[in-house]
There are 2 protein chains.
Amino acid sequence: MEKLKETGLKLTPQRIAILRYLDGNTGHPSAEDIYKAVSKKFPTMSFATVYNTLETLRQRGTLLELTIDPGRKRFDPNTEPHHHLICLRCKRIVDIHNAYALKVPDEMRGDIEITGNHIEFYGICQKCRSSKD
Amino acid sequence: MEKLKETGLKLTPQRIAILRYLDGNTGHPSAEDIYKAVSKKFPTMSFATVYNTLETLRQRGTLLELTIDPGRKRFDPNTEPHHHLICLRCKRIVDIHNAYALKVPDEMRGDIEITGNHIEFYGICQKCRSSKD
DNA sequence: GTACGTGCAAAGGTTTTGCATTACA
DNA sequence: TGTAATGCAAAACCTTTGCACGTAC
């Protein structure tokens, strides 16, 4: 509850429900996942509210927008530096909490000032491997 | 020209135009970029043909689909292992040809067999830095 | 000649937007 | 009470699909 106040957001019941759903969530949900989950408690919840809230959180830096899944955005409430491993078939994403030293030679970065990085590892999970193609 | 035959594709004029546009292209174009460029020479070109061709090339492994830009796919004809640096404002992408040793501890990868990786570096380019927010 | 590619238009999926209503602070 | 969020629907994007026609091999 103190956590919620710390956000500094105007706390509407919808936002609280979204924040609760995201807190500690390592499933990297899509907007639809969030909408579905929160709609159970708020049948009047709209996609607009979900997207508004996610965008607000992203701007505050308390939510990451992942571009790892083609066709839809995925969201990650864990803002600690970490990386991701995605199953190319089922799109399941797991966190990789491991530090890597990634230096980019100056002559490669051109005129772009580098502020961060993110590694996506990809592969096929057990379940997808054993099921037929 | 020999390159084109090597693709093994049925070589229609539209496909040749797309392949020519992609050959050596380091601009990481979107489907729309490709459509616009090729439409100049083929006014009847359709998006369906662009997407069909891109998907065919992707399946043959001669074209990479980048998911680095939220909201649209970007394509990269360079299939040599490399990484990308993207300007968060203008979405310009530059290649990073540098090798990194990225080992993932077994206990982190769970049941997913890792087959590859890709690093996205991000930052802000000179042009975007000097222009007002 | 035949299998496959093309072009058009319509449909599908995700995200954004306009605006009247509602509610937090 | 005033500012900001909500909900609904429509629109905006990007991508995919169905099908009749055309064409490379």
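Owing to the predicted nature of the structure, the values given are computational and were not obtained by experimental measurement. Below, chains carry the letters A, B, ... as their sequence lines are ordered, and counting in each starts from 1.
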Donor-acceptor contact present, side-chain B:His82 to main-chain B:His97, <3.5 Å | no

Mark yes or no for whether B:Arg92, through its side chain, and B:Leu85, through its backbone, hold a donor-acceptor pair below 3.5 Å.
-> no

D:dT23 P sits how many Å from B:Asn52 CG, rounded?
-> 17 Å

Distance-only, no hydrogens or angles: does the A:Thr115 side chain make a donor-acceptor pair with backbone N or O of B:Tyr122 under 3.5 Å?
-> yes

Starting at atom NZ of B:Lys36, determine the distance to atom P of D:dC13, rounded to an integer number of angstrom.
-> 11 Å

5' precedence on DNA chain C between A:Glu32 and A:Ala48 (nearest-nucleotide basis) = A:Glu32

Output, in order, the C-alpha distance, side-chain angles, deciding distance and verdict of salt bridge (Lys or Arg N to Asp or Glu O under 4.0 Å) for B:Arg109 and B:Asp106.
-> CA-CA 5 Å; B:Arg109 67 170 180 79; B:Asp106 277 356; 3.3 Å; yes

Taking only the side-chain nitrogens and oxygens of A:Lys73, find out if one of them lies under 4.0 Å from OP1 or OP2 of C:dT16.
-> yes

Using a cut-off of less than 4.0 Å, is there contact between a side-chain N or O of A:Thr12 and OP1 or OP2 of D:dT6?
-> yes

Spacing between A:Lys41 atom NZ and D:dT6 atom P, to the nearest angstrom | 17 Å

By nearest-heavy-atom nucleotide on DNA chain D, the more 5' of B:Arg74 and A:Leu9 is A:Leu9

Please determine, for the side chain of A:Lys10, which listed nucleotide (D:dT3, D:dG7, D:dC25) has the closest atom?
-> D:dT3

A:Pro43 near the nucleic acid: base, sugar-phosphate alone, or nothing, with a heavy-atom cut-off under 4.0 Å?
-> nothing

Judged by atom type as modelled, is there a donor-acceptor pair below 3.5 Å linking the side chain of A:Thr56 to the main-chain atoms of A:Asn52?
-> yes

Side-chain N,O (A:Tyr51) to OP1/OP2 (C:dT16) below 4.0 Å | no

Going through the distances and angles, do B:Tyr100 and B:His83 end up as a ring pair (Phe, Tyr, Trp, His ring centres under 6.0 Å)?
-> CA-CA 10 Å; B:Tyr100 297 92; B:His83 305 287; 5.6 Å; yes

Nearest-angstrom distance from the residue atom CG of A:Leu54 to P of D:dT6 = 11 Å

Distance check: side-chain N/O of A:Gln14 vs OP1/OP2 of C:dA23, anything under 4.0 Å?
-> no

Of residues 59-70 of chain A, the positions that come close to DNA chain D - non-hydrogen atoms, cut-off under 4.0 Å | none

Identify, between B:Pro13 and B:Arg72, the residue whose nearest nucleotide on DNA chain D lies closer to the 5' end.
-> B:Arg72

Using side-chain hydrogen bond (donor to acceptor under 3.5 Å, both in side chains) as the criterion, list what pairs up with B:Glu65, not counting sequence neighbours.
-> none

Phosphate contact (D:dT6 OP1 or OP2) by A:Ser46 side-chain N/O below 4.0 Å = no

Examine C:dG7: is either OP1 or OP2 under 4.0 Å from a nitrogen or oxygen in the side chain of B:Thr44? Give yes or no.
-> yes

How close or far is atom C1' of D:dG7 from atom CZ of A:Phe47, stated in whole angstroms?
-> 13 Å

Whole angstrom value for the distance that separates P of D:dA5 from CG of A:Leu57 = 11 Å

Shortest side-chain distance from B:Ala31, nucleotide among D:dA4, D:dT15, C:dT6 | D:dT15

Over how many whole Å does the gap from A:Phe42 atom CZ to D:dA5 atom P extend?
-> 16 Å

Separation of atom OH in A:Tyr35 from atom C1' in C:dG13, rounded to whole Å | 15 Å

When you measure from the side chain of B:Arg15, which nucleotide among D:dT6, C:dT6, D:dA9 comes out closest?
-> C:dT6

Per the side chain to side chain donor-acceptor pair (under 3.5 Å) rule, which among A:Asp95, A:Asn78, A:Asp33, A:Asp69 passes with A:His28?
-> A:Asp95

